[in-house]
Amino acid sequence: MDTYDVIIIGAGITGCSSAYQLAQRGLKVALLDKKMVGEGPTGHSSGIIRQHYSNELTARMALHSLRAFQHFQEQLGDECGFTRTGFVVLVEEKDRAGLEANVALQQRVGIRTELLSPEALREILPAMETADLVAAAYEPESGYADAYLTVNAYARAARRLGVSLFQETEVIGLRFRGDRVIGVETAKGTLDAPQVVNASGAWGGRVARLAGVEVPIHSCRVQVGFFRRPPGHESPHPVVGDFRNAVYFRPETGNLTLIGLIDPGEASAVVDPDTFNERVDSEFVLDVGERLVRRYPAMEWSESTGGYASLYDITPDWHPIIDQVPAGSGFYLCAGFSGHGFKLGPAVGLVVADLLTGASEPEFDPYLFRLSRYAEGQPVCGQYEYSIVG
Ligand SMILES: Cc1cc2nc3c(=O)[nH]c(=O)nc-3n(C[C@H](O)[C@H](O)[C@H](O)COP(=O)(O)OP(=O)(O)OC[C@H]3O[C@@H](n4cnc5c(N)ncnc54)[C@H](O)[C@@H]3O)c2cc1C
């Protein structure tokens, strides 16, 4: 039995970034995962780093995180594979006002983003069909990173700062004295700590239940496909969020384009996170392939190179829950990132460290993400029906 200041359950981006930040403040941290670092959904993330959000808090967190990805090597002494491609959001008439409001909000918090004229859009996406669009915005600084590299870099940096990493160590119980958490029970023994963070993503609801807390986090199967771009299209294109065709896509090494859906319907694909089908469906490949060709006609000559399925941890408003539940218990929930938590990872670590150390002037106030917002009828609202965009 060992005693820590904090135990973190889950070594995805949330847990690893939090462990790193807490250790930087001198806390003794244990980081536990039932598998290996980044082997869950973080390691399967598309890794897109954009700042297009509808509310100030997440926009500021995305901007903070972008700076962390840009300066990763200096700050962590390690690689995250950040590739700057620019990010374009494409919308049709019904979303024009939302796009304009979002861009104004983002500019107010210091994000480099702009609305594009049709001519400017054609210049940025010369190979793509754009005549059907009414509005577009562009973030020149955005791009994508390698999520597996990133999460492992955070884990290594955390370990260098003294964090104890326990892989293949499943938390099977939470230990309480009265209303206060005092540690966890794992398949390999018990650990003590007065503060425990549930950063278990798609398992977040299950782990919360170990504390007798019900949280609305659903584990949902989502898919990603890959297509090899045809000859003449070797140059990487920007990351694109195409609302009209309800897809996002980005370049990947090997002349590939990675594509996934932006679809609120993905919230209904609830699965058991331990036994779901991790293979991509051929119907999905056909479907996203057709959507891609509508935007990028030359992809008609692309070659499909497969894909995979992984999990989103989806909440009712597609925003995370970051809160101490119940209040005063020492048990913190930091999960439910609903398909957009990778890019926020660096900022989330800071939020967790500020919360657990009772920082008097936290960089980001996580009140917006409190669990009680659902019971209060105050969910986080976005500008679009495609809530994943935030
Ligand atoms: C296909 C796909 C594409 C995505 N694309 C993007 C994107 O482009 N940009 C973006 O910002 N976000 C994206 N996301 C979302 C992003 O990847 C996630 O929000 C983020 O990785 C969640 O990280 P996490 O650390 O909170 O959870 P996870 O990565 O789910 O980690 C949770 C960990 O907890 C462990 N665990 C669970 N139960 C226990 C237990 N009882 N004991 C010990 N350990 C336990 C699991 O093994 C797992 O490793 C995507 C996600 C997917 C699946």
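Along the sequence shown, the residues carry numbers beginning at 1. As the structure lists them, so they are numbered: ligands from 1, and atoms in each ligand from 1. Nothing here was measured: the structure is a model prediction, and the numbers come from that model.
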Picking from Val171, Val207, Val213, what satisfies side-chain contact (heavy atoms from CB on, under 4.5 Å) with Asn198?
Val207
Any side-chain heavy atom of Glu141 sitting closer than 4.5 Å to one from Leu66?
yes
Atoms of ligand 1 less than 4.0 Å from Lys343 heavy atoms?
9 (N), 10 (C), 11 (O)
From Gly15, Gly341, Ser200 - option closest to atom 32 (C) of ligand 1 by heavy atom:
Ser200
In this structure, does ligand 1 have an atom that sits under 4.0 Å from one of the heavy atoms of Tyr248?
yes
Can you sort out which atoms of ligand 1 are near His44, meaning under 4.0 Å from one of its heavy atoms?
1 (C), 2 (C)
Which residue and non-hydrogen atom of the protein lie closest to atom 39 (C) of ligand 1, and at what distance in Å?
Lys34 CD, 3.8 Å
Where the closest heavy atom to atom 30 (O) of ligand 1 is concerned, which of Pro41, Ala199, Ala11 has it?
Pro41
Residue pair Asp317 / Tyr374, side-chain donor-acceptor N/O under 3.5 Å
yes
Which of the numbered atoms in ligand 1 are below 4.0 angstrom from a heavy atom of Leu311?
53 (C)
of all protein heavy atoms, closest to atom 34 (O) of ligand 1 is Gly10 CA, 3.2 Å
Closest to atom 46 (C) of ligand 1 (heavy atoms only, candidates Leu344, Val184, Asp33) is Asp33
Is there a polar contact, in the sense of an N or O pair closer than 3.5 Å, between Ile48 and ligand 1?
yes
When you measure from the heavy atoms of Ile49 to every atom of ligand 1, does any distance fall below 4.0 Å?
no
For atom 27 (O) of ligand 1, the closest protein heavy atom turns out to be Gly201 CA, 3.6 Å
Which of the atoms in ligand 1, numbered in the order shown and given with their element, are less than 4.0 Å from a heavy-atom of Phe337?
19 (O), 26 (O)
With a 6.0 Å cut-off on ring centres, are His233 and Tyr296 close enough?
yes
Is there a donor-acceptor pair under 3.5 Å between the side chain of Arg175 and the backbone N or O of Leu191?
yes
Heavy-atom contacts with Val224 under 4.0 Å: which atoms of ligand 1 show up? List them by number with element.
1 (C)
Is it true that the side chains of Arg25 and Thr357 contain a donor and an acceptor less than 3.5 Å apart?
yes
Report the part of Phe342 (side chain from C-beta onward, or backbone N, CA, C, O) that has a heavy atom under 4.0 Å from ligand 1; answer both or neither where that applies.
both
Answer with yes or no whether the side chains of Arg229 and Thr257 bring together a donor and an acceptor at under 3.5 Å.
yes
Contact atoms of ligand 1, heavy-atom distance to Val207 under 4.0 Å:
41 (N)
Check whether the side chains of Asp281 and Gln223 place a donor and an acceptor atom closer than 3.5 Å, and report yes or no.
yes
Sub-6.0 Å ring centroid separation between Phe337 and His319:
no
Within 45 degrees of the axis of the six-membered ring of Tyr144 and under 6.0 Å from its centre: does Arg250 put its NZ or CZ there?
yes
If only side-chain N and O atoms count, and only distance matters, is there a donor-acceptor pair under 3.5 Å linking Arg228 with Asn255?
no
Quick check: does any side chain N or O of Lys343 sit under 3.5 Å from a backbone N or O of Gln51, one acting as donor and the other as acceptor?
no
To the nearest 0.1 Å, how far is atom 23 (O) of ligand 1 from its closest protein heavy atom, and which atom is that?
Thr42 OG1, 3.0 Å
Got the closest protein heavy atom to atom 52 (C) of ligand 1, with its distance?
Tyr312 CE2, 3.4 Å
To check your reading of the model: name the closest protein heavy atom to atom 31 (O) of ligand 1, its residue, and the distance in Å.
Gly12 CA, 3.6 Å
Going by the atom numbers of ligand 1, which of them fall below 4.0 Å from some non-hydrogen atom of Thr169?
43 (C)
What are the atoms of ligand 1, with element, lying closer than 4.0 Å to any heavy atom of Ser310?
53 (C)
Could you tell me the residue and atom name of the protein heavy atom closest to atom 5 (N) of ligand 1, and the distance to it rounded to 0.1 Å?
Ser46 N, 3.1 Å
Tyr312/His340 under side chain to side chain donor-acceptor pair (under 3.5 Å): CA gap, chis, key distance, verdict
CA-CA 9 Å; Tyr312 284 174; His340 57 100; over 6 Å; no
His340: heavy atom below 4.0 Å from ligand 1, yes or no?
yes
Looking only at side-chain N and O atoms, does Asp313 offer a donor or acceptor that is under 3.5 Å from a partner on His218?
no
Between Phe226 and Phe249, does the ring centroid distance fall short of 6.0 Å?
no
Note: Val171, heavy atoms under 4.0 Å from ligand 1, region reported as both
shortest atom 6 (C) of ligand 1-to-protein heavy-atom contact is with Ser45 OG, 3.2 Å
Would you say ligand 1 has an N or O under 3.5 Å from any N or O of Thr14?
yes
Sub-3.5 Å N/O-N/O distance, Asp313 and ligand 1
no
If we only count N/O pairs under 3.5 Å, is Ser338 in contact with ligand 1?
no
Does Glu56 CD have over 12 foreign heavy atoms under 6.0 Å away?
no
is_close_aromatic(His64, Phe364), centroid dist under 6.0 Å:
yes
With a 4.0 Å cut-off on heavy atoms, is Gly339 in contact with ligand 1?
yes
